[in-house]
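What follows is one structure encoded as C-alpha cells, with my remarks underneath.
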Amino acid sequence: MLSFNPEEITRLIRHRRSVFPAQYSGELIKKEIIEEILENANWAPTHKLSEPWRFTVFSGPGLKTLGDYMSEIYKEEAEKNNSFDIKKFEKLKNKPLKASHVISIGMKRDEMKRLPEIEEIEAVACAVQNMYLTATAHGVGCYWGSGGITYFESAKQFFGLKADDKLLGFLYLGIPKSELPSGKRKNIEDKVNWVSG
Ligand SMILES: Cc1cc2nc3c(=O)[nH]c(=O)nc-3n(C[C@H](O)[C@H](O)[C@H](O)COP(=O)(O)O)c2cc1C
C-alpha cells in the first residue's frame, strides 16, 4: 500500500505561491526539473482521458522569440482599434526575458467533442496546479499569467492551437531571489455547506 506524508503535502500546498518575473534571480532552472514539471502536468485528472493540456516551452533565445511575438501580435491587434500602448508593447516584449522558462498553456479540444468544453479547461487547470506544486517542491517559483495576448484568436496558431482549442495563458518560471511572503485566504467555512443529516 502506498503511503504519503500528509503533513508534508499540506505544507507544500499551503506554501505554494505565485512568484512573478520581477522576483526571479536570473538563475536558470535545470532541464530535468522542467521535464518533471511537464511530466507531472500530464498526470492531472482528465475526463475520458482526453488529456487536453498542450504546452510550448520557451527558454534561452526562445524567450526573445516569445517576447517579440507577443509584442508584435499585440501591436497588430491594438492598431485595429486604436488602443496601442507603447508601455504595454515594451512590457510584453521584455517580460519573458526575466524568466528562466515560459510555458504556454493550451487546451486542445477533443476532436469528437465527447466532453463539454469546460471540462477540458478544468483538466488543464488541474495540470497547471500539478506544475505549480512540482515547481514549489523544487524551490522554483512560477505564476500563471492570463493577461496580454492570452485571449487573442490570432495568437493560437503560434502555440500550435487550432480554432476550437484555447490558449489559457503562460506559466512563467524562475528561481526566487528571496523568501516568499506567506499567502492569505478567507475562511473556508464561508465557502462550504455541510449536509450531515
Ligand atoms: C487562471 C489564473 C489566471 C491568472 N492570471 C494572472 C494574471 O494574469 N496576472 C497575475 O498577476 N496573476 C494571475 N494569476 C495568479 C494570481 O494572481 C494568484 O494565484 C493569486 O494572487 C493568489 O496568489 P498565490 O497564487 O500566491 O496563492 C492567475 C491565476 C490563475 C489561477
Side-chain angles (χ1 to χ4, degrees), residues 8-25 29 37-38 40-41 43-46 52-58 63 66-67 69-71 73-74 77-78 83 85 87-109 116-153 155-156 158-159 161 165-192:
E8 197 59 11
I9 308 282
T10 292
R11 210 163 66 82
L12 173 65
I13 290 170
R14 295 197 196 165
H15 282 83
R16 180 211 55 78
R17 288 280 71 75
S18 290
V19 188
F20 303 95
Q23 299 169 274
Y24 303 158
S25 67
I29 301 162
I37 288 170
L38 293 164
N40 286 353
W43 285 93
T46 160
W53 40 84
R54 292 293 182 278
F55 305 114
T56 303
V57 183
F58 297 88
L63 294 167
L66 176 64
Y69 175 75
M70 293 206 292
S71 52
I73 195 123
Y74 160 69
E77 292 296 323
S83 66
D85 173 353
K87 283 203 188 113
K88 201 164 173 192
F89 176 87
E90 295 292 343
K91 193 174 163 199
L92 287 167
K93 196 175 175 69
N94 295 320
K95 195 162 110 177
L97 306 178
K98 296 181 187 153
S100 166
H101 292 71
V102 181
I103 303 178
S104 69
I105 304 165
M107 181 281 283
K108 165 127 188 58
R109 187 78 170 106
E117 184 192 58
I118 192 169
E119 296 197 10
E120 304 209 270
I121 296 169
E122 289 158 350
V124 176
C126 291
V128 175
Q129 176 71 343
N130 282 3
M131 298 168 94
Y132 254 114
L133 293 175
T134 309
T136 307
H138 282 285
V140 166
C142 65
Y143 103 99
W144 182 349
S146 54
I149 67 163
T150 296
Y151 301 118
F152 288 9
E153 279 301 310
K156 286 179 179 175
F158 184 78
F159 302 99
L161 301 166
D165 308 337
K166 283 206 181 316
L167 181 62
L168 299 176
F170 300 89
L171 194 73
Y172 288 77
L173 301 110
I175 308 288
K177 58 183 168 199
S178 51
E179 285 291 303
L180 303 175
S182 47
K184 54 174 193 250
R185 292 292 189 270
K186 294 186 214 88
N187 288 339
I188 184 65
E189 287 81 2
D190 300 336
K191 300 161 187 161
V192 178

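The structure presented is a predicted model; accordingly, all values stated were derived computationally and were not measured. In listed order, ligands and their atoms are each counted from 1.
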Q | Proximity of Y24 and Y143 rings by center, below 6.0 Å | A | no
Q: Evaluate the criterion side-chain contact (heavy atoms from CB on, under 4.5 Å) for residue pair I37 and I29; output intermediate values, then yes/no.
A: CA-CA 11 Å; I37 288 170; I29 301 162; 5.5 Å; no
Q. Could you walk me through whether E120 and K166 pass the side-chain contact (heavy atoms from CB on, under 4.5 Å) check?
A. CA-CA 10 Å; E120 304 209 270; K166 283 206 181 316; over 6 Å; no
Q | Residues that Y132 engages under ring-ring contact (aromatic ring centres under 6.0 Å, His included), provided they are two or more places apart | A | none
Could you pull out the N/O contacts under 3.5 angstrom between ligand 1 and the surrounding protein atoms?
{"from": "ligand 1", "atom 1": "5 (N)", "to": "W144", "atom 2": "O", "distance (Å)": "3.1"}
{"from": "ligand 1", "atom 1": "5 (N)", "to": "S146", "atom 2": "N", "distance (Å)": "3.3"}
{"from": "ligand 1", "atom 1": "5 (N)", "to": "S146", "atom 2": "OG", "distance (Å)": "2.8"}
{"from": "ligand 1", "atom 1": "8 (O)", "to": "S146", "atom 2": "N", "distance (Å)": "2.9"}
{"from": "ligand 1", "atom 1": "8 (O)", "to": "S146", "atom 2": "OG", "distance (Å)": "3.3"}
{"from": "ligand 1", "atom 1": "8 (O)", "to": "G147", "atom 2": "N", "distance (Å)": "3.4"}
{"from": "ligand 1", "atom 1": "14 (N)", "to": "W144", "atom 2": "O", "distance (Å)": "3.1"}
{"from": "ligand 1", "atom 1": "19 (O)", "to": "S18", "atom 2": "OG", "distance (Å)": "3.3"}
{"from": "ligand 1", "atom 1": "25 (O)", "to": "R16", "atom 2": "NH1", "distance (Å)": "2.9"}
{"from": "ligand 1", "atom 1": "25 (O)", "to": "R16", "atom 2": "NH2", "distance (Å)": "3.3"}
{"from": "ligand 1", "atom 1": "25 (O)", "to": "S18", "atom 2": "N", "distance (Å)": "3.4"}
{"from": "ligand 1", "atom 1": "25 (O)", "to": "S18", "atom 2": "OG", "distance (Å)": "2.6"}
{"from": "ligand 1", "atom 1": "26 (O)", "to": "R17", "atom 2": "NE", "distance (Å)": "2.9"}
{"from": "ligand 1", "atom 1": "26 (O)", "to": "S18", "atom 2": "N", "distance (Å)": "2.7"}
{"from": "ligand 1", "atom 1": "27 (O)", "to": "R16", "atom 2": "NH2", "distance (Å)": "3.0"}
{"from": "ligand 1", "atom 1": "27 (O)", "to": "R17", "atom 2": "NH2", "distance (Å)": "2.9"}
{"from": "ligand 1", "atom 1": "27 (O)", "to": "R185", "atom 2": "NH1", "distance (Å)": "3.4"}
{"from": "ligand 1", "atom 1": "27 (O)", "to": "R185", "atom 2": "NH2", "distance (Å)": "2.8"}

(Q) For E90, is there an ion pair with K87 - N to carboxylate O distance below 4.0 angstrom? (A) no
Q. side-chain contact (heavy atoms from CB on, under 4.5 Å) between F20 and Y172: does it pass, once the steps are laid out?
A. CA-CA 7 Å; F20 303 95; Y172 288 77; over 6 Å; no
